[in-house]
Every structure is written in C-alpha cells, then in structure tokens.
Amino acid sequence: QIPSTKKVKNGHEFTSNPCEMLSIGKKNIFDLVRQYGLPMNKEHDNRFTLPPYVLDTKDLFFSFLRGYLDGDGSITHSLIPMISFEMNEACAKQVQKFLRDEIGVKSSISHVGKGQNKCLDFSLRVGGQTPCLVFMYYLYATHNQTPYLDRKFQKASEIWAKIFPKHIN
C-alpha cells in the first residue's frame with residue numbers, strides 16, 4: 001500500500017485513506033497528446049473544448065469520440081441501452097450539437113460534479129434503443145482502421161445481439 005495524503009478516486013468515491021494507485025505512462029505519448037491540444041484533467045477544465053480539426057469530418061469525430069469513450073465513458077444495457085461520457089460542460093455542448101446536427105441523435109447533459117470540481121463535471125448521455133444503435137454504428141464504423149478498447153466494443157456487440165439476434169454472429 002502506498003500512503004496518500006492526496007484524495008484519489010477509489011471506485012466512485014474519493015478517499016484520503018491509504019490506498020494503492022498505479023499510473024503507467026510514456027512521456028513521449030503524453031507530450032504528443034498535449035501538443036495536439038488535449039490538456040491534463042480535461043473533464044475538469046471548462047476552458048478545454050474539442051480541437052477544431054476533430055469536428056472536420058464524421059470519421060475523425062467518431063474515432064476521437066470512441067477514444068474518449070474508452071477512457072471516460074461507458075456503455076450500459078439493462079432495460080434501456082445508454083452511452084455516457086464524463087466531460088466538462090463546454091465539450092458536452094459541442095458533442096451534443098454535433099450528434100444532433102450530423103446524425104440526428106438527441107442527448108442530455110447533466111451535472112454530476114462532486115467535491116472541488118463541483119461546477120465543472122458533467123455527463124453527456126445518449127439513451128434509448130434507436131439513438132444508441134445509431135450512435136454505436138457511427139462510433140464503431142471505423143473500428144477496423146483505428147484502435148479501440150475491446151471491452152467496450154464487446155458491450156456494444158452484446159447490445160446489438162440482444163436487439164438484432166438473427167443478424168449478429
């Protein structure tokens with residue numbers, strides 16, 4: 001165990017109790033990401049908006065968003081499928097506008113902030129069978145050409161299989 005005096009996220013709660021924390025990173029990758037305009041703790045910084053080039057094409061936007069989903073999002077399915085992302089309010093509004101204008105998918109933005117970052121943490125959610133299917137189609141349309149997190153792709157595949165059991169292998 002590594003004693004910590006800094007509050008760290010433990011599941012969904014923050015704690016100042018001793019805890020274990022492992023961070024793996026490569027400086028050259030970190031520097032490259034910063035060079036392309038993505039700051040540290042982007043979900044807590046309302047000055048951060050999506051880099052303009054990300055909004056240039058659907059393919060680039062959804063490849064970027066799929067990477068964002070892999071890091072700060074979730075795909076769930078109980079009675080109703082839902083895709084959600086944690087991000088700052090400025091980014092959430094950009095993503096919401098792009099989804100509405102480009103693919104006709106409605107989303108909601110809700111405040112989920114706690115603690116010090118109370119005013120900056122938001123969740124953008126797409127819920128419902130048809131909106132999620134359309135959104136997942138665009139998220140994974142280029143999955144053979146760009147990296148993705150297999151665990152989330154498998155969850156999307158499970159949802160497709162439940163809705164279209166005869167059409168999914």
Side-chain angles (χ1 to χ4, degrees), residues 7-14 29-30 33-34 36-143 145-164:
K7 289 192 175 195
V8 294
K9 199 164 189 176
N10 180 5
H12 293 290
E13 299 298 320
F14 285 87
I29 294 174
F30 178 80
V33 168
R34 296 286 303 267
Y36 281 103
L38 301 177
M40 287 177 42
N41 301 317
K42 63 198 170 308
E43 66 275 12
H44 304 308
D45 187 346
N46 220 25
R47 294 170 299 174
F48 171 69
T49 58
L50 298 180
Y53 61 86
V54 169
L55 302 168
D56 285 348
T57 67
K58 283 183 191 175
D59 282 350
L60 183 57
F61 175 80
F62 285 106
S63 291
F64 174 87
L65 202 56
R66 186 177 60 249
Y68 203 108
L69 172 72
D70 288 348
D72 287 322
S74 65
I75 299 175
T76 57
H77 187 264
S78 50
L79 295 175
I80 299 170
M82 181 175 295
I83 301 168
S84 63
F85 300 84
E86 285 193 25
M87 53 184 54
N88 69 38
E89 186 176 22
C91 286
K93 287 180 178 179
Q94 281 182 293
V95 171
Q96 185 177 52
K97 181 180 181 339
F98 193 95
L99 295 177
R100 182 189 63 235
D101 295 352
E102 296 296 324
I103 64 171
V105 168
K106 291 182 182 177
S107 60
S108 64
I109 299 172
S110 59
H111 184 260
V112 295
K114 296 179 184 174
Q116 338 176 245
N117 298 312
K118 193 173 175 176
C119 61
L120 296 176
D121 291 343
F122 289 81
S123 179
L124 178 127
R125 295 183 178 127
V126 173
Q129 187 168 298
T130 301
C132 281
L133 287 174
V134 170
F135 191 23
M136 287 187 305
Y137 168 79
Y138 281 97
L139 279 174
Y140 291 104
T142 60
H143 81 276
Q145 300 157 4
T146 56
Y148 63 93
L149 187 63
D150 189 60
R151 176 174 49 91
K152 293 199 179 164
F153 179 72
Q154 292 305 319
K155 180 54 80 174
S157 296
E158 288 172 22
I159 293 171
W160 285 317
K162 283 181 184 176
I163 297 170
F164 300 114

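Basis for what follows: all heavy atoms, side chains included, without hydrogens, waters or symmetry-related copies.
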Colleague: Ignoring hydrogens, what is the shortest heavy-atom contact between H111 and F122? Give both atom names and the distance.
Modeller: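 The pair with the smallest heavy-atom distance is CD2-CZ, 3.6 Å.
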Colleague: Surrounding NZ of K162 (heavy atoms of other residues, nucleotides or ligands, distance under 6.0 Å), is the total greater than 12?
Modeller: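 Correct, the count exceeds 12.
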Colleague: How long is the gap from CG on L65 to CG on D70, to the nearest 0.5 Å?
Modeller: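 Reported to 0.5 Å precision, the distance equals 10.0 Å.
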Colleague: Please verify the inter-ring angle class for F98 with F61; under 30° counts as parallel, over 60° as perpendicular, anything in between as tilted.
Modeller: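 The arrangement is parallel - the two ring planes meet at less than 30°.
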Colleague: Are E89 and K93 within salt-bridge range, i.e. N to O under 4.0 Å?
Modeller: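 Yes, this pair counts.
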Colleague: Rounded to the nearest 0.5 Å, how far apart are CE of M87 and CD1 of I109?
Modeller: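 The CE atom of M87 sits 9.0 Å away from the CD1 atom of I109.
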Colleague: Going from CZ on R100 to CD1 on I103, what distance comes out if it is rounded to the nearest 0.5 angstrom?
Modeller: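 With rounding to 0.5 Å, CZ (R100) is 12.0 Å from CD1 (I103).
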Colleague: Taking all heavy atoms of L124 and all of A92, pick out the closest pair and write down the distance.
Modeller: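 Nearest pair, atom of L124 first, then A92: CD1-O, 3.2 Å.
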Colleague: Within the 3.5 Å criterion, strictly below it, is a donor on S123 or S110 matched to an acceptor on the partner's side chain?
Modeller: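 The answer is no; no qualifying pair exists.
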Colleague: Going by heavy atoms in the side chains, are F62 and F135 under 4.5 Å from each other?
Modeller: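 Side-chain contact under 4.5 Å: yes.
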Colleague: At their closest point, which heavy atom of Y148 faces which heavy atom of R66, and how far apart are they?
Modeller: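 The answer is CB-NE, 3.4 Å.
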Colleague: Starting at CG of L99, measure out to CD of Q94 and round the result to the nearest 0.5 Å.
Modeller: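 Rounded to the nearest 0.5 Å, the CG-CD separation comes to 11.5 Å.
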Colleague: Might you point out which heavy atoms bring T49 and A90 nearest each other, and give the distance in Å?
Modeller: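 Result for this residue pair: CG2-CB, 3.8 Å.
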Colleague: Give the C-alpha distance, both sets of side-chain angles, the deciding distance and a yes or no for side chain to side chain contact (heavy atoms under 4.5 Å, CB included) between L50 and F64.
Modeller: CA-CA 10 Å; L50 298 180; F64 174 87; 3.4 Å; yes
Colleague: Using the side-chain contact (heavy atoms from CB on, under 4.5 Å) definition, which of the options K155, Q154, M82 pairs with I75?
Modeller: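 Running side-chain contact (heavy atoms from CB on, under 4.5 Å) over K155, Q154, M82 with I75 returns exactly one hit, K155.
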Colleague: Calculate, to the nearest 0.5 Å, the distance between atoms SG and CZ belonging to C91 and F85 respectively.
Modeller: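 C91 SG to F85 CZ: 11.5 Å, rounded to 0.5 Å.
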Colleague: Is it true that atom NZ of K58 has more than 12 heavy atoms of other residues, nucleotides or ligands lying nearer than 6.0 Å?
Modeller: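 Counting other residues, nucleotides and ligands, NZ of K58 exceeds 12 neighbours.
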Colleague: Identify the heavy atoms of S84 and L69 that sit nearest to each other, and give their distance.
Modeller: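 Closest approach of S84 to L69: O-CD1, 4.0 Å.
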Colleague: Checking R125 side chain against S108 main chain: does a donor-acceptor pair fall under 3.5 Å?
Modeller: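 Checked: no pair found.
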Colleague: Work out which heavy atom in M136 is nearest to a heavy atom in A156; give both atom names and the distance.
Modeller: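 Smallest heavy-atom distance, with atoms named: SD-CB, 3.6 Å.
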Colleague: Under 3.5 Å, side chain of Q96 to main-chain N/O of S107, donor-acceptor pair present?
Modeller: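 Checking the backbone N and O of S107 against the side chain of Q96, a donor-acceptor pair under 3.5 Å is found.
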